[in-house]
Protein chains: 2
Amino acid sequence: MITINDIAEMAGVSRTTVSRVINNTGYVSEKARRRVMDVIEETGYVPSQHAKSLRTKETKIIGVILPKISTDTSSRTVNGMNSVFEDVGYQILLTTTDLDQQKEIDHLRLLQNRQVDGIILIATNMDQKLVDEIKASKVPVVVVGQEMVGVPSVIFDDHAAARRMTELLIEKGRRSIGYIGVDEADHSVGVQRKAGYLETMAYHGIEVPDAWMGTGDFSIDSGYEAMARMLEAPVKVDAVFAATDRMGLGAWRCIRRHGYDIPGDIAVVGIGSSETSRFIEPALTTIEYEHEQAGSEAARMMMQLLQGKKKIPDKKVLDFKLVERDSI
Amino acid sequence: MITINDIAEMAGVSRTTVSRVINNTGYVSEKARRRVMDVIEETGYVPSQHAKSLRTKETKIIGVILPKISTDTSSRTVNGMNSVFEDVGYQILLTTTDLDQQKEIDHLRLLQNRQVDGIILIATNMDQKLVDEIKASKVPVVVVGQEMVGVPSVIFDDHAAARRMTELLIEKGRRSIGYIGVDEADHSVGVQRKAGYLETMAYHGIEVPDAWMGTGDFSIDSGYEAMARMLEAPVKVDAVFAATDRMGLGAWRCIRRHGYDIPGDIAVVGIGSSETSRFIEPALTTIEYEHEQAGSEAARMMMQLLQGKKKIPDKKVLDFKLVERDSI
DNA sequence: CTGAAAGCGCTTACAG
DNA sequence: CTGAAAGCGCTTACAG
């Protein structure tokens, strides 16, 4: 392996000078600079990041913790982060938790050991242990997807989105609107979306029997099953609002399998704007979140944190877009 | 920051001893070990990976170059790699090329500077410059998705898959089978799949007019457009084979929009087994590749390379599965 | 404008 | 079983 010492020797200067031309810092005579450049060019020398990091305490690597890599949401978010980090010469070190809460904490530690400059966590819960771990972090942490007080976060307005969607259903003349949610450990999806739905129903004076409230686990199948149970409710629903598109897809399929018409008998809506939801006929009405934007916002926040800007906003709430299609 | 020296001092031993207990190497008395362990425990000390890497020349990080992160294929492949790397304490450093060929080369270099232990490249082409760069790499490289002579690769049998799919269509009584492919720079998808189709057609003595051969760019829209052109061919097709599910989806939609029945008038098949292809009605007949397996195989190959095993297989060809559904 | 020297936090022969 | 010392490849005051 070729080192800075080799270059110095070949160029007939000290390694201090080589370092200076590499980093474009301090004074170097044009003649010396040229000689060094030439040698670097012909040897293909590249400085060791480790040696550099050891000295500077900087790695230009951002650790990213994902709940699951194989999802459209994750990949779009990472894509957004990548677009800003790339421009500033940062890279991403990815880890996945596979929805294991303990792993979120493990990876938080692991990444710090890797001496990443910062960590972006795509969060699915707000467990107190997790929050503690984040606050104890030696490097800046930005959270995406869940609002954590005291931690810079990028979130979607789940509450407003759910309200808006429920309103839409009511505007369209639906009254008996069922809901398929998820566990409340997930504050954004489990709590906020449900609250938006419930509040809007209450606002319009519509009572919601228990049988209209289903719970799934994000999967298509769980949406199917929740819907199947809902179809047996004593008071029939004329619409169903699934907290995610995938569960909405399951409900959609279930409704058709049971011989009902969409939207004639039952309207179906979701949140997430997946490709499949757009492609089926009738296409699913949904809410579109800009995950790329969430990623790039998180990255921008991280850069500000890294630049020592103290006064960065504690949270950034992203907009959503209602996508009205045939299922309604 | 707390270092090995602090631990040594607090435990009343030399840092050599601390290093020994951390790495579980050499002799350490039980008493000393315990003292060191205790101090590490209570201080929460973690060794600096950079200092360690600087000495050992090992980083336990594998660089992964992806053409595009926002695709099902990419994420499943990374998932597969992750599952094996995780067990052996390796992590993944991700970069994306966004289908820019120059970036593939740039990232290959960039990752070496990061002193990754190895690089896995999900390849979309076999440009000679790229091959040269790979062969010049200081660290082991494994390629996924394209066969590169002299470079350990994990590939799918695209040729056999396309043959099998064409055969199936013919078994079902179709003769006028159109094809929607992609640019030949992509050897696997562009060349191999088309060859499989063409050979099977020739084997059965079916002539293929130019108007049956379309080209897209992997997108749904490009499949739609290629199909639209094909529908105007003087000799009508009674089936269409798209080289990817996404283009197949476009063709599927185009056929229906033009008032034809699937599979009554025209059968549609693809390759890739995407979620949407499963969900539409009639569901798309397709070929399923095990991307997770491709990822884990690549990771295993990498580990063997890293362990200095010289005699690893030059390539690993993965199996495929025919998924017959209603579109045929 | 340039270089000698110290130091970043580790590991590893070597000597005891 | 243990420690002193050298060295990994860099950067950065400091002195000239």
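In what follows, chains carry the letters A, B, and so on, assigned in the order in which the sequence lines appear, proteins first and then strands, with residues in each chain numbered from 1. Computed from a predicted model, the values in this text were never measured in an experiment.
- Checked by atom type, the side-chain pair B/Asn82/B/Gln91 shows no donor-acceptor distance below 3.5 Å.
- Between A/Arg34 atom CZ and C/dT2 atom P there is a gap of 14 Å when expressed in whole angstrom units.
- By the side chain to side chain contact (heavy atoms under 4.5 Å, CB included) test, A/Arg15 pairs with A/Ile4, A/Asn5, A/Ala8, sequence neighbours left out.
- For A/Glu41, the side chain to side chain contact (heavy atoms under 4.5 Å, CB included) criterion is met by no residue, not counting sequence neighbours.
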Under the rule of Watson-Crick or G-U wobble with both distances under 3.5 Å, where | means paired to another strand and [ ] a crossing pair, DNA chain D maps to |||.||||||||.|||

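- In this view, B/Ser296 and B/Arg300 satisfy the side-chain hydrogen bond (donor to acceptor under 3.5 Å, both in side chains) rule, not counting sequence neighbours.
- The stretch residues 138-154 of chain A participates, sequence neighbours left out, in these salt bridge (Lys or Arg N to Asp or Glu O under 4.0 Å) pairs: A/Glu147-A/Lys315.
- The phosphate of D/dC1 has neither OP1 nor OP2 within less than 4.0 Å of any side-chain N or O from B/Ser29.
- Listed pair B/Thr17 / D/dG3 meets the phosphate criterion, a side-chain N or O lying under 4.0 Å from OP1 or OP2.
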How would you summarise protein contacts on nucleotides 5-12 of chain D per nucleotide, using B for base, S for sugar-phosphate only and - for none, with heavy-atom distances below 4.0 Å? BBBBBBBB

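- The nearest whole Å value for the distance from the CD1 atom in A/Ile7 to the P atom in C/dT2 is 17 Å.
- When the side-chain hydrogen bond (donor to acceptor under 3.5 Å, both in side chains) test is applied to A/Lys129, no partner is found at least two apart in sequence or on another chain.
- For the salt bridge (Lys or Arg N to Asp or Glu O under 4.0 Å) condition, the pairs that include at least one residue of residues 103-113 of chain B, sequence neighbours left out, are A/Glu86-B/Lys103, B/Arg109-B/Glu133.
- Following rounding to the nearest Å, A/Lys31 (NZ) and C/dT2 (C1') show an atom-to-atom distance of 12 Å.
- Rounded to whole Å, the separation between the C1' atoms of D/dG16 and D/dT12 comes to 16 Å.
- Sequence neighbours left out, the pairs with a member in residues 14-60 of chain A that pass ring pair (Phe, Tyr, Trp, His ring centres under 6.0 Å) are A/His50-B/His50.
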